[in-house]
S.K.: 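After the structure tokens below, expect a handful of questions from me.
All chains are named by letter (A, B, ...) in the order of the sequence lines, taking the proteins before the strands, and each is independently numbered beginning at 1.
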Amino acid sequence: MKTRYEPADVEPRIAQAWLDSGISHPEPEGDPAENYSIAIPPPNVTGVLHMGHALNNAVQDTLIRRARQQGKRTKWILGTDHAGIATQTQVEKELLSRLGTSREELGREEFISRVWAWRERYGSQIIEQIKRLGSTPDFSDERFTFDDRYGEAVLKVFVDLYEKGYIYRDRYLVNWDPGSRSAISDLEVDEREVTDTLFYIDYPLASGSGSITVATVRPETMLADVAIAVNPDDERYQRLIGETAILPIVGRKLKIIADGYVKTDFGTGALKITPGHDPNDFEIGNRHGLPHPSVIGEDGCMEGEAVPERYLGLKTGDARIAIVAELAELGLIRRREEYTHTVPFSNRSGARIEPLISLQWFMRMDELAEPAVDVVKSGQIKFHPERWTKVYLDWMGNIRPWCVSRQLWWGHQIPVWYHDDGRVHVDTKAPDGPGWERDPDVLDTWFSSGLWPFATLGWPQRTPELKAFYPTDVLSTGRDIIFLWVARMIMLGLEFTGEIPFSDVYIHSIIQAPDGRRMSKSLGTGIDPLALIDGGERPPVFAKSAGEDAGEFPAYGADAVRWGLLAMSSGQDVRFNEEKVSQAQQLTNKLWNASRLVLGRVDAGTRAEARPQAPEDHWILARLQRAVAAVGEAIDSFEFSRAALSLYDFVYGELCDWYLELVKPRLYEGDPDTAATLLHILTETVTLAHPLIPFVTEEIYAHIPGSEGLLAGGRAQSGASAGNPDALAEHEVERAIEAIQAIRAWRDAADVKASAILEAQLRAEGYEETVAHLARLGRLEIGVDGDGLDGSAAAIAIPGGVIHVLASADVDVEAATRKREAKRSELEAEIKRAEGKLANQGFTAKAPPAVVEAERTKLEALRAELEAL
RNA sequence: GGGCGAUUAGCUCAGCUGGGAGAGCGCCGCCUCGACAAGGCGGAGGUCACUGGUUCGAGCCCAGUAUCGCCCACCA
């Protein structure tokens with residue numbers, strides 16, 4: 001065994017062993033209440049692994065491995081998402097750049113087959129990357145949201161919802177994304193701040209007596225104006241309500257109407273109403289029974305009956321310039337001003353949203369939302385951290401219809417056929433006979449992902465998988481898709497299975513770039529998890545100054561990356577910090593070397609068993625017990641950073657820093673009880689650590705004499721960590737540790753060489769069992785006969801007493817005295833504080849007795865220590 | 001406009017139900033001591049953003065202020 005743990009030598013081999021072992025592929029048996037299942041958030045089939053995946057995989061794999069240790073039959077459902085827009089866009093780009101062709105040129109069927117080919121080529125990439133992380137989803141049972149079987153479930157859901165009246169088709173104002181040339185949902189729209197010119201335009205009154213001025217940033221939409229609205233209480237316009245204005249350029253008559261929506265203090269207080277191209281105007285138009293003509297087509301160019309011929313086909317931007325020029329010529333532009341406001345952009349294509357009236361499929365959500373609200377309010381589904389509950393409930397509380405149709409090709413085609421004669425056929429199967437044509441649109445990707453937890457298990461068939469693993473237990477994801485995905489899974493799960501799809505929703509942290517920006521490939525702030533694992537270029541975002549080379553990542557290994565990410569993420573958004581990964585690397589290395597110490601010294605015949613002999617054995621067993629509880633509770637309550645740090649504290653701060661040092665003499669003597677106990681401690685420690693750092697623990701486990709099978713197979717924590725902790729022994733060891741630290745600090749202060757063994761006298765009770773440790777680790781020769789005090793050069797204060805150090809050339813007496821006096825005044829100050837507190841009647845009267853008692857005990861101990869000094 | 005979160009050591013962050021401020025990294029000093037130099041030991045370093053309040057006692061609870069971040073929302 002090497003002195004340094006090299007993850008690269010170990011991890012691939014072990015990952016393969018896990019794959020071959022079948023541990024992640026359960027038989028579909030038993031009851032979902034006893035079984036444990038998680039459905040992975042399916043990554044985009046053409047995606048590559050990023051930090052969010054790495055963290056989320058660490059989370060889910062930790063949960064899954066813990067469940068295995070608890071003896072549960074576990075299923076981690078794996079699969080990928082066809083990701084409609086994203087994938088289609090990617091393939092279209094590829095077609096254009098490599099073949100100079102477009103999907104339109106290829107035709108629908110050919111294009112789809114190209115996407116499948118693309119999927120064959122790149123689809124397994126992210127799955128391979130997930131393997132490298134050490135994740136153990138069921139690789140033998142991979143799903144895809146565009147598989148035939150999955151597709152059947154999607155169509156069935158559509159048809160059912162249609163028949164129940166939830167899904168309907170309507171001409172409605174939608175968010176049109178000119179980039180992907182499709183409608184998109186409200187959730188795919190980002191608001192961005194933009195500076196536009198606000199034009200004040202005079203609309204002449206039909207009466208000929210003057211004009212009314214409206215303000216707009218989109219003059220080109222005026223061609224679709226149907227009215228002018230003012231606030232009914234606006235005194236300026238009272239007399240104009242009911243009058244008629246003339247739409248410039250076109251000459252159409254516009255009624256001046258009153259509507260409470262109009263603000264009196266913005267613009268001119270008069271609003272042009274364009275229901276065909278503005279959501280608010282659409283509402284107002286509906287209230288007043290107005291038509292909603294359209295002047296902008298799906299290609300973002302001017303079209304429609306209302307458009308004068310000279311403007312037809314112009315892009316909206318060009319049309320704006322031309323129309324403003326014409327208005328200026330007519331003398332109707334009263335004013336222009338800079339105006340900064342937020343406007344919608346597609347977060348798919350980045351294009352500015354063009355609100356358009358369009359014939360689309362919608363899903364009514366309010367009724368479906370009700371039970372989905374109830375199960376969260378009642379606690380059947382819990383969010384972690386808990387604050388996301390409110391976010392979810394607020395959104396569900398005023399949920400709006402969902403536009404589910406997309407004008408794409410890569411997706412589940414809507415199962416609706418239209419006949420020449422006007423008949424409509426909605427069914428999972430095509431109708432017989434001629435004259436039918438299928439709706440060309442496909443469903444929003446999130447429509448199919450919404451079925452993920454049950455469609456992956458074979459629903460609508462009552463498959464053994466569905467019976468055994470649905471409902472699932474935990475859904476772990478990022479907060480950006482709470483509405484897009486989580487909410488829809490809950491609604492659709494309840495509607496179609498009658499059960500909650502999962503009982504806990506864990507919302508993991510977002511890991512930001514080291515400089516606090518969003519991690520993004522295009523910004524150059526992304527960090528590739530695999531570069532961290534296997535070593536690779538450290539991105540420029542790490543550079544201390546611009547242009548400086550940030551060097552390379554060492555090959556930290558998957559364990560380090562997993563632990564590091566978990567330790568970073570405490571439910572809060574955090575900056576990526578490489579030190580945490582490095583800290584984890586040290587942890588794995590430490591554990592590795594600790595195991596070398598133990599395994600190199602025990603016989604092959606030794607079997608792990610707790611056979612405590614000395615106080616430190618009881619102490620470490622108690623600490624182990626505590627660590628097992630702490631790590632377990634932390635994982636169970638989704639506090640992964642706490643779990644990671646609790647583990648670290650135990651392995652580093654207790655096991656390696658102290659126990660191994662204390663036990664060394666007995667280990668070197670070859671004491672069989674010590675060896676057995678050490679093996680027990682080591683076995684239990686790797687078991688405890690395994691969900692968080694699976695590779696190194698598996699590797700160590702394989703070297704432990706008598707170990708059987710794979711640790712990942714679900715070895716349970718052996719509960720009997722030697723029964724009840726021996727409180728007395730624990731206390732003895734604690735004070736021994738404090739004493740050793742005091743001695744070391746004193747040696748340092750007194751400038752004593754590390755190699756010097758000093759003669760000393762112990763003057764303190766309670767070290768009978770541990771005095772040898774004080775001597776060895778404090779590098780003292782401790783006599784206990786009480787002689788030799790005359791030669792005392794210094795006194796070291798330790799809990800419950802003092803150690804006298806005999807005069808020696810190695811001791812700087814002056815420095816030692818300074819140290820002693822410093823300690824003395826420290827003690828005096830603390831005594832004073834404790835006395836003051838106890839003298840406070842309020843404290844003694846109102847504080848809990850236990851607290852007061854603890855304070856008294858502490859004071860006594862301090863006084864004793866000072867006394868001894 | 002509404003909501004949520006953050007503000008603790010030089011840096012990145014812990015600190016769960018109120019009872020003497022912690023970690024990792026960085027910094028200083030010592031150490032090739034039979035697991036580990038990616039190591040060990042010791043140390044320095046903090047008015048817990050600010051102002052009030054509740055309490056015997058506040059980093060933690062309450063009110064307000066400031067700064068930063070995120071989410072939701074239909075002001076032309």
Side-chain angles (χ1 to χ4, degrees), chain A residues 1 3-5 191 198-199 214-218 229 261-263 265-274 278-284 339 341-342 344 355 385 387-388 390-391 394-395 398 479-480 482-483 510 512 514 516 554 556 567-568 570-580 582-586 588-601 633-634 637 639 641-642 645 648-649 652-653 656-657 660-661 664 668 740-741 744-749 751-755 776-777 779 830 833-834 837 840-848 850-852 854-855 858:
Chain A
M1 287 170 89
T3 62
R4 183 186 286 191
Y5 175 64
E191 299 285 329
L198 185 61
F199 298 93
V214 300
T216 179
V217 293
R218 305 205 54 196
Y261 167 80
V262 183
K263 303 277 183 296
D265 57 356
F266 188 87
T268 62
L271 177 62
K272 76 187 200 56
I273 300 301
T274 320
D278 183 280
N280 302 313
D281 294 8
F282 187 78
E283 300 277 321
I284 296 169
Y339 177 58
H341 61 149
T342 59
R387 66 171 180 278
W388 297 107
K390 182 173 153 49
V391 175
D394 285 352
W395 186 75
N398 45 50
R479 57 141 189 271
D480 48 330
I482 291 177
F483 307 143
I510 304 293
Q512 298 162 339
Y556 284 114
M568 269 177 242
S570 52
Q572 207 57 241
D573 286 359
V574 284
R575 296 178 183 204
F576 178 82
N577 98 330
E578 195 179 337
E579 281 78 33
K580 274 282 180 289
S582 166
Q583 188 181 348
Q585 182 192 27
Q586 289 173 44
T588 54
N589 190 240
K590 198 74 174 174
L591 199 51
W592 173 256
N593 279 298
S595 73
R596 284 202 317 129
L597 170 67
V598 176
L599 298 174
R601 296 275 173 175
E633 280 163 21
S637 53
E639 296 175 87
S641 73
R642 192 202 290 247
L645 292 168
Y648 183 94
D649 288 345
Y652 236 89
C656 294
D657 285 355
L660 294 181
E661 294 304 329
K664 266 177 185 172
Y668 293 148
I740 291 164
Q741 286 174 325
R744 285 167 170 173
W746 176 88
R747 288 181 67 109
D748 196 63
D751 217 12
V752 180
K753 278 203 184 67
S755 54
R776 192 169 60 88
L777 297 177
R779 302 191 141 261
E830 285 189 39
R833 203 180 314 169
K837 205 166 179 182
N840 183 341
Q841 301 236 329
F843 177 70
T844 48
K846 295 190 183 177
V851 174
V852 177
E855 198 66 31
K858 192 192 295 173

S.K.: In whole angstroms, how far is the P atom of B:A44 from the CG atom of A:Asp748?
M.R.: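 Rounded to the whole Å, the gap is 10 Å.
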
S.K.: Separation of A:Arg575 atom CZ from B:G69 atom C1', in whole Å?
M.R.: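 That distance rounds to 10 Å.
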
S.K.: Hey, what are the protein-to-nucleotides 5-8 of chain B N/O distances that come in under 3.5 Å?
M.R.:
| residue | atom | partner | partner atom | Å |
| --- | --- | --- | --- | --- |
| B:G5 | O2' | A:Gln572 | OE1 | 2.3 |

S.K.: Is there a side-chain contact between A:Val852 and A:Phe843 (heavy atoms, below 4.5 Å)?
M.R.: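 In contact.
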
S.K.: Are any protein N/O atoms closer than 3.5 Å to N/O atoms in nucleotides 19-23 of chain B? If there are, list each pair with its distance.
M.R.:
| residue | atom | partner | partner atom | Å |
| --- | --- | --- | --- | --- |
| B:G20 | N7 | A:Lys858 | NZ | 2.3 |
| B:G20 | N2 | A:Arg833 | NE | 2.0 |
| B:G20 | N2 | A:Arg833 | NH1 | 2.2 |
| B:G20 | N2 | A:Arg833 | NH2 | 3.2 |
| B:G20 | N3 | A:Arg833 | NH1 | 2.8 |

S.K.: Does the distance from a Lys or Arg side-chain N to an Asp or Glu carboxylate O, for A:Arg479 and A:Asp573, drop under 4.0 Å?
M.R.: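 A:Asp573 and A:Arg479: salt-bridged.
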
S.K.: Could you work out which one of B:C33, B:A14, B:G3 sits closest to the side chain of A:Lys390?
M.R.: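 The closest nucleotide is B:G3.
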
S.K.: Output one line per pair: protein atom, nucleotide atom from nucleotides 35-38 of chain B, and distance, for all N/O pairs under 3.5 Å.
M.R.:
| residue | atom | partner | partner atom | Å |
| --- | --- | --- | --- | --- |
| B:A35 | OP1 | A:Lys664 | NZ | 3.1 |
| B:A35 | OP1 | A:Tyr668 | OH | 3.1 |
| B:A35 | OP2 | A:Tyr668 | OH | 2.3 |
| B:A35 | O3' | A:Arg596 | NH2 | 3.0 |
| B:A35 | O2' | A:Asn593 | OD1 | 2.9 |
| B:A35 | O2' | A:Arg596 | NE | 3.3 |
| B:A35 | O2' | A:Arg596 | NH2 | 2.3 |
| B:A35 | N7 | A:Lys664 | NZ | 3.2 |
| B:A35 | N6 | A:Cys656 | O | 3.3 |
| B:A35 | N6 | A:Glu661 | OE2 | 2.9 |
| B:A35 | N3 | A:Asn593 | O | 3.3 |
| B:A35 | N3 | A:Ala594 | N | 3.2 |
| B:C36 | O4' | A:Asn593 | OD1 | 3.1 |
| B:C36 | O4' | A:Asn593 | ND2 | 3.4 |
| B:C36 | O2' | A:Asn589 | OD1 | 3.3 |
| B:C36 | O2' | A:Asn593 | ND2 | 3.4 |
| B:C36 | O2 | A:Lys590 | NZ | 2.9 |
| B:C36 | N3 | A:Lys590 | NZ | 2.9 |
| B:A38 | OP1 | A:Arg4 | NH2 | 2.9 |
| B:A38 | N7 | A:Arg4 | NE | 2.5 |
| B:A38 | N7 | A:Arg4 | NH1 | 2.6 |
| B:A38 | N7 | A:Arg4 | NH2 | 2.6 |
| B:A38 | N6 | A:Arg4 | NE | 3.2 |
| B:A38 | N6 | A:Arg4 | NH1 | 2.9 |
| B:A38 | N1 | A:Gln585 | NE2 | 2.7 |
| B:A38 | N3 | A:Gln585 | OE1 | 3.3 |
| B:A38 | N3 | A:Gln585 | NE2 | 3.0 |

S.K.: What integer distance in Å separates A:Glu633:CD from B:U17:C1'?
M.R.: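 Rounding to the nearest Å, CD of A:Glu633 and C1' of B:U17 are 14 Å apart.
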
S.K.: For A:Lys858, give me all partners under salt bridge (Lys or Arg N to Asp or Glu O under 4.0 Å), at least two apart in sequence or on another chain.
M.R.: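 Partners of A:Lys858 under the salt bridge (Lys or Arg N to Asp or Glu O under 4.0 Å) test: A:Glu855.
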
S.K.: Under a 3.5 Å cutoff on both atom distances, Watson-Crick or G-U, what's the dot-bracket for RNA chain B ([ ] crossing, | other strand)?
M.R.: (((((((..((((.....[..)))).(((((.......))))).....(((((..]....))))))))))))....

S.K.: B:A9 C1' sits how many Å from A:Asn577 CG, rounded?
M.R.: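 Rounded to whole Å, this separation is 15 Å.
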
S.K.: For nucleotides 70-76 of chain B, read 5' to 3', which letter fits each nucleotide if B means a protein heavy atom sits under 4.0 Å from the base, S means only the sugar-phosphate is that close, and - means neither?
M.R.: S-S-BBB

S.K.: At less than 3.5 Å, do the side-chain atoms of A:Arg642 and the base atoms of B:C16 form a donor-acceptor pair?
M.R.: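 When only heavy-atom distances are counted, A:Arg642 does reach the base of B:C16 through a donor-acceptor pair under 3.5 Å.
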
